[in-house]
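In this chain, residues are counted from 1 in sequence order.
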Amino acid sequence: MATNKQEYLQNVLETHRMTHVQNLVDKFKTKRNEVKEALESHYGSNIYNPFNSGSFKKHTAINTKFDLDVVVPFKKDSFETLDKMFDSLYDFLYDEYGEVAQIRKQKVSIGIIFDEDDDGDVISLDIVPGRELNQDQYSEDNKLNLFVFSKYGIFSSSTYIQTNIQAQIDHIKAKENERKIIRLLKIWNNNDGKEYKSFLLELITIKAFDKESISGNLWEKLEKVMEYIKDKVAEDGFKLIDPGNSNNDLMDTLESWEKTNLSNRMERMLERINSNSDNIKSYFPTNKDFEDDDKSSSSSGYGIKTGGSAYSTPPKNERFG
């Protein structure tokens, strides 16, 4: 019997709900709050209130791979340069947590991967430092300069990027249809080697909804977005503008051959799924750990469940890859 693509994709989303790993999420939140309090205590009046960001804040997280992000807005006069700000945060986190966690410099953030706890859980946080553009104006414009740490390649050099992370969060607010498609594309991406940035998949999905007439059931919406990506991503002049800074184009992060490759992969997926509906399972797998869970949870929203029910956690090898 052919696969009902709409019903199957709905089940894919259900099995990837964050509510399935509520106990683990609670551990993440507790650790995140501890780190935020430590940062506020250490930096005092040199920073504005740290705030949550990333896929969890945007409600696009999936339970097979996630971490929690915290943005730390520094005041303009807190450091002479952005690299000194970045290094200071790294040094503080290393001194504070270096004996119980792996601390590492990443592209624009400091990663904290805490040692496995008694339950075998590993908590992972990304701390993003940013410095306001003009003294005492962050509260009004939310604009930050992020230090970009280039770790790989001897020809790479460090630089900075100006953005508005709050505007990025607001850009996806109340877009529930887009969020479902973004989660599905992230499931595909994670299943297929995680070649593309989640932020790129997020922006291209939102743009597809903005530019095209997208309606119907879940499969029909996903199909339309995939067709949009196939048709547009390799076109000359196609842009994905960062809602936090109109000078940033996410398409610049892809080489020409990568754009063509993404277009071709979308075309191939569409052809295979439409020729045989069973093929959808190989591109958008369910999380088998939660296939048998009560489907009634679907009515409670995708985000974090507020009740006290206990949930099992996924195997360690399916987290944070």
Side-chain angles (χ1 to χ4, degrees), residues 25 28-61 66-79 81-94 96-97 101 103-114 123-149 158-173 182 197-200 202-203 242-248 250 253 303-304 320:
V25 169
F28 270 68
K29 287 184 171 181
T30 298
K31 192 63 74 176
R32 180 184 64 188
N33 291 339
E34 289 178 9
V35 172
K36 287 168 73 174
E37 289 175 6
L39 290 166
E40 289 174 317
S41 176
H42 180 71
Y43 287 108
S45 61
N46 286 320
I47 61 173
Y48 298 93
N49 292 333
F51 63 93
N52 306 328
S53 67
S55 63
F56 202 83
K57 179 68 176 178
K58 296 174 180 175
H59 300 282
T60 59
F66 70 94
D67 52 25
L68 297 190
D69 295 359
V70 175
V71 178
V72 187
F74 282 87
K75 294 186 177 178
K76 174 72 173 178
D77 59 358
S78 58
F79 293 98
T81 61
L82 295 173
D83 58 330
K84 288 182 178 178
M85 171 192 72
F86 194 81
D87 288 341
S88 171
L89 181 63
Y90 172 82
D91 291 342
F92 169 70
L93 293 174
Y94 187 86
E96 194 77 7
Y97 302 106
I103 313 298
R104 64 186 186 190
K105 293 181 178 181
Q106 302 172 152
K107 197 73 174 177
V108 296
S109 65
I110 308 297
I112 311 175
I113 304 173
F114 288 93
I123 309 300
S124 177
L125 305 176
D126 282 347
I127 313 299
V128 183
R131 193 181 66 179
E132 66 181 349
L133 272 61
N134 299 300
Q135 188 69 38
D136 301 326
Q137 286 199 356
Y138 174 74
S139 298
E140 298 178 11
D141 62 20
N142 294 317
K143 293 180 179 178
L144 294 171
N145 277 324
L146 309 183
F147 178 70
V148 178
F149 176 68
S158 299
T159 180
Y160 71 94
I161 183 171
Q162 178 186 322
T163 192
N164 183 327
I165 296 174
Q166 187 58 53
Q168 293 174 354
I169 295 170
D170 293 342
H171 188 60
I172 196 172
K173 189 174 291 184
I182 292 165
K197 295 177 183 299
S198 294
F199 192 36
L200 185 143
E202 175 185 318
L203 290 187
D242 174 5
N245 183 349
S246 59
N247 292 319
N248 300 334
L250 267 291
T253 65
I304 301 305
F320 328 124

Checklist entry - Run the side-chain contact (heavy atoms from CB on, under 4.5 Å) check on D67 and I113 step by step: do they pass? => result CA-CA 10 Å; D67 52 25; I113 304 173; over 6 Å; no

Item to check | side-chain contact (heavy atoms from CB on, under 4.5 Å) assessment of K31 paired with L68 | outcome: CA-CA 10 Å; K31 192 63 74 176; L68 297 190; over 6 Å; no

Next on the checklist: Please determine whether side-chain contact (heavy atoms from CB on, under 4.5 Å) holds for the pair V35 and V70, giving the CA-CA distance in whole Å, both sets of side-chain angles, and the decisive distance to 0.1 Å.
Outcome noted: CA-CA 9 Å; V35 172; V70 175; over 6 Å; no

Checklist entry - Is there a side-chain contact (heavy atoms from CB on, under 4.5 Å) between K76 and L133 once you walk through the steps? => result CA-CA 7 Å; K76 174 72 173 178; L133 272 61; over 6 Å; no

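Within a 6.0 Å sphere centred on CZ of F92, other residues, nucleotides and ligands contribute more than 12 heavy atoms. Counting heavy atoms of neighbouring residues, nucleotides and ligands inside a 6.0 Å radius, atom NZ of K57 does not exceed 12 of them.
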Distance-only donor-acceptor hits, side chain of residues 137-146, under 3.5 Å, sequence neighbours excluded:
residue	atom	partner	partner atom	Å
D141	OD1	K143	N	3.0

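Checking E202 against T60 by side-chain atom types alone, no donor-acceptor pair falls below 3.5 Å. Checked by atom type, the side-chain pair N33/E37 shows no donor-acceptor distance below 3.5 Å. Judged purely by distance below 3.5 Å, without hydrogens or angles, the side chains of D242 and T163 pair a donor atom with an acceptor atom.
The closest side-chain heavy-atom distance from P129 to L82 is not below 4.5 Å. Counting heavy atoms from C-beta on, the side chains of T81 and F147 never come closer than 4.5 Å. Using a 4.5 Å heavy-atom cutoff, the side chains of F79 and N46 are not in contact. Annotation: side chain of N52 is not in contact with side chain of I169 (no heavy-atom distance under 4.5 Å).
S78 contributes a side-chain N or O that, together with a main-chain N or O of K75, makes up a donor-acceptor pair within less than 3.5 Å. Q162 places no side-chain N or O within 3.5 Å of a backbone atom of N245 that could act as its donor or acceptor partner.
Residues passing the salt bridge (charged side-chain N to carboxylate O under 4.0 Å, His left out) test with K84, sequence neighbours excluded: E80. Not counting sequence neighbours, S55 has no partner by the side chain to side chain donor-acceptor pair (under 3.5 Å) test.
Between atom OH of residue Y90 and atom OG of residue S109 there is a gap of 13.0 Å, rounded to the nearest 0.5 Å.
Considering every non-hydrogen atom in both P73 and P50, the closest pair reads CD-CA, 4.0 Å.
F28 has its ring centre less than 6.0 Å from the ring centre of F66.
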